[in-house]
S.K.: 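My questions all concern the structure below.
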Amino acid sequence: MNVPHDDSPPTLRVRDLGVAFDTYRGTVQVLDGVSFDIAPGEILGVVGESGAGKSMTGNAVMGLIDPPGRISAGTVELRGERIDTLRGDDLRRIRGRRIGMVFQDPLTSLNPVLTIGRHLVETIRFHLPMTEAQARARALELLADVEIPDPATRLGQYPHQFSGGMRQRVAIALALCAEPELLIADEPTTALDVSVQAQVIRVFRRVCRERGTAAMLITHDMGVIAEAADRVMVMYRGRVLETGPVRAVLDHPQEPYTRALMAAIPSVHQRLHRLPVPEIGADIAAPAALPPAQAEAPTAPADTAPPLLRVEHLSRDFDLSAGWLVRTLTRQPKKVLHAVQDVSFDIPRGSTFGLVGESGSGKSTVARMIAGLTKPTAGRILFDGVDRWADPQAAATLRRRFQMIFQDPYASLNPRWRVDALIAEPLEVLGLTASRAETAERVAEALRRVRMSPDDGRRYPHQFSGGQRQRIAIARALASKPEFIVCDEPTSSLDVSVQAQVLNLMRDLQDEFGLTYLLISHNLAVIRHMCDGVGVMQRGVLVEQGEAEAIFAAPRHAYTQGLMAAVPDVGRHA
């Protein structure tokens, strides 16, 4: 049980909270005996895997549990007032006014046809007795508080005109409109680059300190917890396993599950060949099974053979000009975006090359050109000595040797198709099998490679967890037996242990089949763990590249140094 830092009553007090869902198969208990306090100005980090009950706890506090779900036990108190029994208008007066919420994806929670100013002014006037002019003045103050540059201009702009980090700061400003006593932030930095994530964390901490706002920060990123939270609560299967000051829990976890969770986090300081994975579903009272010692990945011997992939002076421009008639009538100059400029690197056979950089740096554009989805403006891409863009016939032959794994497997898998049909599609399109029986055997083999059962092929994507869907995406990529796989943010939305499982699987497949990877990620710890070589991109330019060991030990370019400094690190002491 937690206590606030001083003698003042906690902003939020939760005692023995239970949430149950009544289904036709019986009652399912998803939260059981959850208790915690949050003091004024304190940030409580809530961590755990998908299904642990983190978001369900936040929803229960907000009164967002809809039938067939219900609060089955316990109490929720805000400043000593019980709120779990409120309904209707009484509950609506609490939401937004006394409790603010910051969601994971601000673009889906902001109306695309309303300006940012309209969002803020309407929210302020709904909760506070202010005139239009007073609400607008307060909106300007809020944008300045969350470090949005030139707030007067930004008030008249729309959500799509803001970057991801700026949209997230707008979401924080919206949650603060009525000066709530409690702020609940559900995965607010999951999809952000490290530098943007650092900005959002800084704003979040400063706002809570200056306003005395209590905050519940829900995340699966232990680095974010280390940087932002005062205390941390570890959840597993709807129960609280461990609670305490951040450094005490991160440095000396008491529970076996917490220790296993910490061990599964890749580090920017050390490269392991395999990550230990918590035994999900095992008895949490028993020590989790971890490898006794984690040796660093063996250094690949020097290879004098030509690289499997060679990128030479690659460039890609996008014409953003208005139409010819508009430019002629208004005499507008031609507007060209240089998305990628003169990028060159090699990827040896059987190795992994990582591309890192912020959103808009050109990483994914390079990947799409290599995968054959976007044609370069200039430069060459040589695969096994063959220029894939110079000879269309050769490019068609190379297609079966390339595959791509996307960031969101659910978006890249057709929800109307069964898994076996999804995996079979590249085999049939490329003409790699001669009969249905051979196709079925190749599909079953691909599923077994990713540690899934061939029987899983009869199910649909929505029937699997996020980690399982990513395994299906990998199986689909492996079905055609490629030599080279482009991996575009393959673990960005996965929990710590599921991420470890996927990374270990990718490493095992590379060891077994000699696969070559191009790995794109904004997670520098994942890049450090997986990659032999690294390229750092900024505004379309490859500013630094070399062996991963050398770059992470002593980055030379100022931009790389800034990225390294911005990484949330569980080992960094406050």
Side-chain angles (χ1 to χ4, degrees), residues 193 303-321 333-407 477 482-490 515-522 527 531-548 550-551 555-557 559-560 563:
D193 299 321
D303 190 358
T304 57
L308 179 64
L309 183 82
R310 169 161 287 169
V311 173
E312 296 180 346
H313 307 293
L314 197 64
S315 296
R316 172 65 195 192
D317 298 336
F318 291 96
D319 188 352
L320 304 182
S321 308
K334 193 170 184 180
K335 186 178 180 182
V336 176
L337 172 65
H338 302 291
V340 177
Q341 303 176 60
D342 197 27
V343 168
S344 299
F345 58 85
D346 293 344
I347 306 182
R349 192 181 301 271
S351 69
T352 302
F353 186 83
L355 272 183
V356 299
E358 298 174 297
S359 294
S361 62
K363 310 183 302 294
S364 293
T365 303
V366 170
R368 290 178 66 85
M369 288 189 284
I370 290 174
L373 302 176
T374 301
K375 188 173 183 178
T377 304
R380 297 197 305 167
I381 300 170
L382 301 174
F383 184 80
D384 211 5
V386 177
D387 188 341
R388 70 166 303 148
W389 285 103
D391 184 353
Q393 189 171 7
T397 305
L398 290 177
R399 284 175 60 194
R400 67 186 60 188
R401 303 173 69 183
F402 275 81
Q403 281 296 341
M404 192 162 184
I405 301 171
F406 295 94
Q407 177 175 354
E483 300 170 49
F484 186 88
I485 300 180
V486 179
C487 308
D488 191 359
E489 299 277 10
L515 296 175
T516 306
Y517 294 128
L518 170 64
L519 176 60
I520 296 169
S521 179
H522 66 257
I527 292 289
C531 297
D532 305 292
V534 174
V536 182
M537 294 195 67
Q538 181 187 27
R539 296 175 184 172
V541 177
L542 195 64
V543 296
E544 184 169 0
Q545 69 167 307
E547 293 184 1
I551 287 182
R556 299 186 302 275
H557 196 276
Y559 177 70
T560 312
L563 284 180

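Atoms considered below: every heavy atom in the structure, side chains included; atoms not considered: hydrogens, waters and symmetry mates.
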S.K.: Atom CG of Leu309 and atom CZ of Phe345: how far apart are they, to the nearest 0.5 Å?
M.R.: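 With rounding to 0.5 Å, CG (Leu309) is 6.0 Å from CZ (Phe345).
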S.K.: Report yes or no: does Thr516 contribute a side-chain atom to a donor-acceptor pair with the main-chain N or O of Gly350 at less than 3.5 Å?
M.R.: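 Such a contact is found between Thr516 side chain and Gly350 backbone.
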S.K.: Take Leu308 and Asp384 through the test side-chain contact (heavy atoms from CB on, under 4.5 Å) and record every step on the way to the result.
M.R.: CA-CA 5 Å; Leu308 179 64; Asp384 211 5; 4.3 Å; yes
S.K.: Side chain to side chain donor-acceptor pair (under 3.5 Å) with Ser364: which residues, sequence neighbours excluded?
M.R.: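 With neighbours one apart ignored, the set is Asp488.
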S.K.: Closest heavy-atom contact between Val356 and Ser521?
M.R.: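 Val356 and Ser521 have their closest heavy atoms at CG1-O, 3.5 Å.
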S.K.: Could you pull out all residues at least two apart from Thr352 that satisfy side chain to side chain donor-acceptor pair (under 3.5 Å)?
M.R.: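 With neighbours one apart ignored, the set is Gln510.
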S.K.: Please identify each residue that fulfils side chain to side chain donor-acceptor pair (under 3.5 Å) with Arg316, with sequence neighbours left out.
M.R.: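 Checked Arg316 against side chain to side chain donor-acceptor pair (under 3.5 Å); zero matches.
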S.K.: With sequence neighbours left out, write down each residue that passes side chain to side chain donor-acceptor pair (under 3.5 Å) with Glu483, or none if nothing qualifies.
M.R.: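 Counting only residues at least two positions away or on another chain, Glu483 forms a side chain to side chain donor-acceptor pair (under 3.5 Å) with Arg349, Arg401.
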S.K.: Does Glu312 have any salt bridge (charged side-chain N to carboxylate O under 4.0 Å, His left out) partners at least two apart in sequence or in another chain, and if so, which?
M.R.: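 Glu312 satisfies salt bridge (charged side-chain N to carboxylate O under 4.0 Å, His left out) with Arg380 only.
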S.K.: Measuring from atom CG of Leu515 to atom OG of Ser351, what distance do you get when rounded to the nearest 0.5 angstrom?
M.R.: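 Spacing of CG (Leu515) from OG (Ser351) equals 11.5 Å.
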S.K.: Identify the two heavy atoms, one from Tyr517 and one from Cys487, that lie closest to each other, and give their separation to 0.1 Å.
M.R.: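 Distance-wise, the nearest heavy atoms are CD2-SG, 3.8 Å.
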S.K.: Report the residues that fulfil side-chain contact (heavy atoms from CB on, under 4.5 Å) with Tyr559, sequence neighbours left out, ordered by chain and then residue number.
M.R.: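 With neighbours one apart ignored, the set is Glu358, Val536, Gln538, Val543, His557, Leu563.
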S.K.: Please report the shortest heavy-atom distance between Ala367 and Ile520, naming the atom on each side.
M.R.: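 Between these two residues, the closest heavy atoms are CB-CD1, 3.1 Å.
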S.K.: Applying ring-ring contact (aromatic ring centres under 6.0 Å, His included), name anything that partners Phe484, two or more places apart in sequence or on another chain.
M.R.: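 Partners of Phe484 under the ring-ring contact (aromatic ring centres under 6.0 Å, His included) test: Phe402.
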S.K.: For Arg539, which residues count as a salt bridge (charged side-chain N to carboxylate O under 4.0 Å, His left out) partner, sequence neighbours excluded?
M.R.: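 So Arg539 forms no salt bridge (charged side-chain N to carboxylate O under 4.0 Å, His left out) with any residue.
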S.K.: Return the minimal non-hydrogen interatomic distance between Ile527 and Gly354, and the atom names on each side.
M.R.: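 Heavy atoms of Ile527 and Gly354 come nearest at CD1-CA, 3.9 Å.
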S.K.: Would you check if Leu355 and Leu542 make a side-chain contact, meaning some heavy-atom pair closer than 4.5 Å?
M.R.: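 Yes; the side chains approach each other to less than 4.5 Å.
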S.K.: Can you give me the closest heavy-atom contact between Cys531 and Leu519, atom names plus distance?
M.R.: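 In terms of heavy atoms, the two residues are closest at SG-CD2, 3.9 Å.
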S.K.: With a 3.5 Å cut-off and sequence neighbours excluded, list the donor-acceptor pairs that the side chains of residues 369-377 form with protein atoms.
M.R.:
{"residue": "Thr374", "atom": "OG1", "partner": "Arg368", "partner atom": "NE", "Å": "3.3"}
{"residue": "Thr377", "atom": "OG1", "partner": "Asp317", "partner atom": "N", "Å": "2.8"}

S.K.: Quick check: closest heavy atoms across Pro482 and Ile485, and the distance to 0.1 Å?
M.R.: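 Closest approach of Pro482 to Ile485, heavy atoms only: CG-CG1, 4.0 Å.
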